[in-house]
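Taking it in order: structure first as structure tokens, then the write-up.
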Amino acid sequence: MQKYKYLISLTIILLVATLLITAGSFTTVAKDNSLFTLHLLVNPSSTNNFKIAQILQNEFSKLGIELKLETMETSTINDIMYSPKYGDEPFENDGWDLNIGLYWWWPKDYVWFKGCYHTSGIPPQGWNTWGWKNGLADLHLDKGLSTYDKESREKHLKKWQEVFHEDPPHANIYWPESPQITASALKGVNAFLWTHNIYQWHWSDDREDNTVTYAVQEKLRNLNPLFLNGSYYWVEPMYDPLYKIFYNSETGEYEYIPTMAKSLPKISEDGLDVTIPIRKGVTWHDGEPLTAEDVKFTYDTILNTETGASAHGDMSGVISEVTIEDKYTIKLKLKKPTPYLTSLLASGSASIIPEHVLGDVPPSELRKHSTNVDKPAPGTGPYKFVNWKKGQSMELAANENYVKGVPTVERVLIRIIPEPSTALMAFERGEVQALSPYIGQSVSGEMDRLRKKSDVEVEVFISGAVKFLAFNTDHPILNNRYVRRALSYAIPRKHIAENILHGFAKPANSPVPPFWFAYNDELPKPEYNLEKAKELLEKAGYDVPDLD
């Protein structure tokens, strides 16, 4: 009897072991049946991004591609993507494979395009986080950005878009239409400019508490404007570039206005010498006067490769030398004619920093300096720094000596609320008076209800922006353009625009907005087509299963 019990036990053990081995073999077969596995970095609090990520996960699976969603905060995602150490590594090596991102373009020209798409813009020198290297694209972009001849510019910029389409560093998903949600009495907030025009914000009524609390999702990562890679809304109130973009509400147009400069740049006939007069009487927040020395120091620091400034790729491709003509005049020697120069100099990442505070800091140490990680150096912007509660909020107070006049809003509190629905509840309770455009888009399904409320203002701005699925082009799978194009065909853009964004978006086929100069309207329209995706994957060498 004992012998039989032993045999039964042994049989059961062998049976269980067989089942486990079989189960394991099924798992292996299932895994082997996947063409490959990719990892998508996504912040679950970014509601729309997470919904898009889930849609992509489902669509990619139809092609036999396993897409794993790796959830983390936006600031962590940016740190990975912009890191010179990990930015070109796949997720398995602490880098990244895919990310859903959005680029907000300056409204006047192709400024930042070189920093975002040119080989010279690979981090830490710019925003080419995908590490895209395409010599033909570089050539057309250089030519399109280095002549005042409109016909030539248009030709090369359209050709650049064609190259982009054939070898995409990211799959364009949609062009957003940005709802700006504010308290009805708060005027001047612009979803296109974020806090760039904060000096235009004002209340239409008299109130005792002249404060605006502005809700954002993303944590502040850098206090020095030279290192901005996003998070502009935290820093731009404190610092000014030589020029700013002004929104004319009467005409609906965006215009350049001199702030610390006295007038628009004076450009020589050959387009290579630029003289800029600096406005007298401008003071830093600590009371020291602004001079041409500060401007030269700032631009030289950006041009220095040791700094790792975000605008290096854009500005080093344009400016060869900065000289001082006198105490209030600078001269720029350009490498080539630059039709978008004023727009470039109006960028937040070209904001002027104080030479008398930072002049003795080696450029290579500025990123880790206390003025970038703890307390900002004085600026010349419309608001002064008061305090920063890391990971929570920053308090700013109006600069009584601001060059454009004292801001009418006395106090601004920029507050982090990662979850859009939580931010909206805080807004409706009166704790917040304005929501960032990212939050506005995430709660776009609430627009009809909000528009019916008398104390709420909803204004929709057509954004010069593009939402995209970013590819790490150094990835061993994604370095194949056919794979990247295949993934683009697997994106149901129309469904995303209509059902996720509630119509506040248009499917995109280019990073260039359709209302811009030199938008290429002959590019193929954005298309959802799994059969074409399958063909491209097979062209890349993969044996794709039959589609259902």
Side-chain angles (χ1 to χ4, degrees), residues 52 56 98-119 121 126-130 132-145 150-178 192 314 339-340 343 441 461-471 473 478 481-498 501 504-529 532-533 536:
I52 293 170
L56 297 180
L98 300 165
N99 172 54
I100 297 171
L102 183 137
Y103 270 168
W104 290 75
W105 305 123
W106 234 204
K108 300 295 286 188
D109 210 318
Y110 285 71
V111 66
W112 297 345
F113 270 62
K114 187 163 183 177
C116 292
Y117 298 114
H118 197 278
T119 305
W127 302 278
N128 183 354
T129 59
W130 20 75
W132 191 39
K133 307 174 190 74
N134 186 305
L136 186 57
D138 286 353
L139 175 68
H140 284 302
L141 194 58
D142 283 337
K143 287 183 176 295
L145 298 179
K150 187 176 181 181
E151 186 176 336
S152 179
R153 291 197 76 202
E154 185 171 8
K155 180 183 77 171
H156 286 291
L157 291 171
K158 285 186 174 181
K159 283 288 187 183
W160 176 82
Q161 292 168 72
E162 291 175 11
V163 177
F164 187 107
H165 176 77
E166 293 298 320
D167 180 24
H170 63 65
N172 305 295
I173 302 178
Y174 61 79
W175 297 300
E177 295 180 357
S178 301
F192 205 162
D314 288 300
Y340 61 96
S343 188
Q441 282 198 329
F461 288 83
I462 303 220
S463 300
V466 63
K467 175 77 82 171
F468 51 76
L469 175 66
F471 306 122
T473 62
L478 296 171
R481 70 177 65 187
Y482 297 123
V483 172
R484 301 197 299 272
R485 289 182 61 196
L487 297 183
S488 181
Y489 276 113
I491 301 174
R493 293 169 176 82
K494 185 177 179 182
H495 168 70
I496 290 170
E498 292 179 356
L501 275 296
F504 287 94
K506 289 187 175 15
N509 65 343
S510 171
V512 178
F515 58 89
W516 268 21
F517 164 74
Y519 165 69
N520 190 336
D521 56 8
E522 294 183 3
L523 291 174
K525 300 302 178 187
E527 183 181 359
Y528 169 71
N529 191 324
K532 283 191 177 180
L536 286 164

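Since the model is a prediction, treat every value here as computed from it, not as a measurement.
The number of heavy atoms from other shown groups lying within 6.0 Å of OH (Y482) does not exceed 12. Crowding of K158 atom NZ: a count of heavy atoms from other residues, nucleotides or ligands under 6.0 Å exceeding 12.
W127 has its ring centre no less than 6.0 Å from the ring centre of Y117. Between F164 and W132, the ring center distance clears the sub-6.0 Å criterion.
Remark: K467 engages no residue in a salt bridge (Lys or Arg N to Asp or Glu O under 4.0 Å) (not counting sequence neighbours). For F468, the ring pair (Phe, Tyr, Trp, His ring centres under 6.0 Å) criterion is met by Y103, W130, H170, not counting sequence neighbours.
A distance of 7.0 Å separates CG of L157 from CG of L141, quoted to the nearest 0.5 Å. Atom OG of S178 sits about 9.5 Å away from atom CG of L501, to the nearest 0.5 Å. One distance of note links CD1 of I52 with CD1 of I496; it measures 5.0 Å at 0.5 Å rounding. Residue L98 holds its CG atom at 8.5 Å from CG of L56, rounded to the nearest 0.5 Å.
Using a 4.5 Å heavy-atom cutoff, the side chains of S152 and K143 are not in contact. Counting only heavy atoms from C-beta outward, the side chains of H118 and D142 approach each other to under 4.5 Å. With a 4.5 Å cut-off on side-chain heavy atoms, N128 and T119 do not count as touching. Residues R153 and D109 form a side-chain contact, since some pair of their non-hydrogen atoms from C-beta on lies under 4.5 Å apart. With a 4.5 Å cut-off on side-chain heavy atoms, I491 and Y528 do not count as touching. Under the 4.5 Å side-chain criterion, counting only non-hydrogen atoms from C-beta, N172 is in contact with P511. In this structure, S343 and W105 have side chains that are not in contact, with every pair of non-hydrogen atoms separated by 4.5 Å or more. N509 has its side chain out of reach of H165: every pair of non-hydrogen atoms, C-beta onward, lies at least 4.5 Å apart.
A salt bridge is absent between K133 and D167: the closest approach of a Lys/Arg side-chain nitrogen to an acidic carboxylate oxygen does not fall below 4.0 angstrom. Checked for salt-bridge contact, R481 and E166 miss the test: no charged N lies under 4.0 Å from a carboxylate O.
Taking every heavy atom of both residues into account, R493 and E527 meet most closely at NH1-O, 3.7 Å. Residues H140 and V163 come closest through the heavy atom pair CD2-CG2, 4.2 Å. Nearest heavy atoms, S510 versus V466: O-CG2, 4.0 Å. In plain terms, the two heavy atoms of P513 and W175 that are nearest each other are CA-NE1, 3.9 Å. Among all heavy-atom pairs drawn from P339 and L145, the shortest one is CD-O, 3.4 Å. Taking all atoms of both residues into account, the shortest heavy-atom contact from A505 to A497 is O-CB, 3.8 Å.
D314 contributes a side-chain N or O that, together with a main-chain N or O of G115, makes up a donor-acceptor pair within less than 3.5 Å. Without hydrogens or angle criteria, E154 side chain to Y519 main chain gives no donor-acceptor distance under 3.5 Å. Using a distance-only test at 3.5 Å, with no hydrogens or angles considered, a donor-acceptor pair links the side chain of Y110 to the main chain of F517.
Ring pair F113/W516 is tilted by interplanar angle, where 30° to 60° counts as tilted.
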ask   = Can you check side-chain contact (heavy atoms from CB on, under 4.5 Å) on T473 and L478, steps first, answer last?
value = CA-CA 5 Å; T473 62; L478 296 171; over 6 Å; no

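Side chains of E522 and N520: no donor on one and acceptor on the other come within 3.5 Å.
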